[in-house]
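Report on the structure given below.
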Amino acid sequence: MRIGKEKVSRISLAPVMLALSLAAGNFALAPSAYALSELHKIPGQPNDQPAQGSAQGQSQPQGGTTPGVPMADPLVNSQNSVDKTPGTQDNSKPVEVIYDISKAPEPVRKMRQQIVEAAASGDLERLRPLMGTGAEQTQVTVGEPTEDPIGTLKDLSGDPDGDEILAIMLDIVSTGFVHVGQGTADDMYVWPYFAEKDLKSLTPPERVELLRIVTAGDLSDMQEFGGYNFYRLGITPDGKWKFFTAGD
């Protein structure tokens, strides 16, 4: 009878012993699992002491020889991201708007005055002697030069005599101007100054001045386009009338 009881007790204790063995195994394996926040810590090390490998990796410069994954190049290289395309405005620097014509060289002042007098006369032909010929001819269209700039201006005008173009020309040279391209082949005095200014940064008085040349709808389109694209006029420092064109 004793032997029978011992067998029964051993059989009933077997599942309990198996459960205890499994639990002990789980506790033994537990230290090998860590939270994501603990992956950079050495097991058994205090929480306030960072792992040596992590600290050293942060203190070493990117150009070091420590093996590992190379650092990615920056998405924007501040030294190479400057747009150096000729004629591109630099919005990081304020545009110096000039209203005093006496600050322009004498040849520039003289040519501007002659343009004003010819445009105010209402006779488009009076502009012809000011435009030069051949390679020195004033550009009135974007792209290929035209053989007859006066005829082209008359065609661009909203009336058959070219009065609208003359009126626009007077409005253009009555605004402030800017000196661009100093010391380069593109050295130029340009009217209006809006051609070289960020239209989104205009002050209220500047907006009013621009609206003397274009409509409110035109201004809205220009802001969406990204810049002034109406007529502009350029005179070189030596007094040559370089262009009177519309576009960007």
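FYI, side chains are in, hydrogens and waters are out, and symmetry mates aren't considered; it's all heavy atoms of this structure. Residue indices begin at 1 and follow the sequence shown.
- Note on Trp191: it clusters hydrophobically with Tyr99, by side-chain heavy-atom contacts below 4.5 Å among ILVMFWY residues.
- For CD of Glu96, the number of neighbouring non-hydrogen atoms (other residues, nucleotides, ligands) closer than 6.0 Å is 12 at most.
- We find that Arg128 and Asp123 are not joined by a salt bridge, their nearest charged nitrogen and carboxylate oxygen being 4.0 Å or further apart.
- From Asp161, atom CG reaches atom CG of Asp159 across 5.5 Å, with rounding to the nearest 0.5 Å.
- No donor-acceptor pair under 3.5 Å is formed between the side chain of Asp171 and the backbone N or O of Ile168.
- In this structure, CG on Leu166 lies 10.5 Å from CZ on Arg126, to the nearest 0.5 angstrom.
- Between Phe177 and Ile101 there is a side-chain heavy-atom pair separated by less than 4.5 Å.
- The pair Arg109-Glu106 does not count as a salt bridge, with every side-chain nitrogen at least 4.0 angstrom from each carboxylate oxygen.
- Once rounded to the nearest 0.5 Å, the distance linking CG of Leu199 with CG of Asp221 reads 11.5 Å.
- Counting only heavy atoms from C-beta outward, the side chains of Lys240 and Met111 never approach each other to under 4.5 Å.
- Here the OH-CD1 distance, from Tyr228 to Ile213, works out to 5.0 Å after rounding to the nearest 0.5 Å.
- Scanning all heavy atoms of the two residues, the minimum distance from Ile115 to Ile235 falls at CD1-CD1, 4.2 Å.
- Between the CE atom in Met169 and the CD1 atom in Ile165 there is a gap of 6.5 Å [rounded to 0.5 Å].
- Heavy atoms from other residues, nucleotides or ligands lying under 6.0 Å from CD of Gln182 number more than 12.
- Side-chain contact check for Ser121 versus Glu117: every heavy-atom pair is 4.5 Å or farther apart.
- Between Phe243 and Arg232, the shortest heavy-atom contact is CE1-CG, 3.5 Å.
- Counting only heavy atoms from C-beta outward, the side chains of Phe230 and Pro192 never approach each other to under 4.5 Å.
- Taking every heavy atom of both residues into account, Pro149 and Thr138 meet most closely at CB-O, 4.4 Å.
- The closest side-chain heavy-atom distance from Asp186 to Val180 is not below 4.5 Å.
- Contact check for Asp187 versus Thr236: no side-chain heavy atoms found under the 4.5 Å cut-off.
- A distance of 11.0 Å separates CD of Gln137 from CH2 of Trp241, quoted to the nearest 0.5 Å.
- In this model, a donor atom of one side chain and an acceptor atom of the other lie less than 3.5 Å apart for Thr152 and Thr146.
- Side-chain atoms of Glu164 come within 3.5 Å of backbone atoms of Gly158 as a donor-acceptor pair (strictly under, hydrogens ignored).
- A donor and an acceptor atom, one from each side chain of Glu209 and Tyr193, are located under 3.5 Å apart.
- Looking at Met131 and Val140, their side chains come closer than 4.5 Å, going by heavy atoms from C-beta outward.
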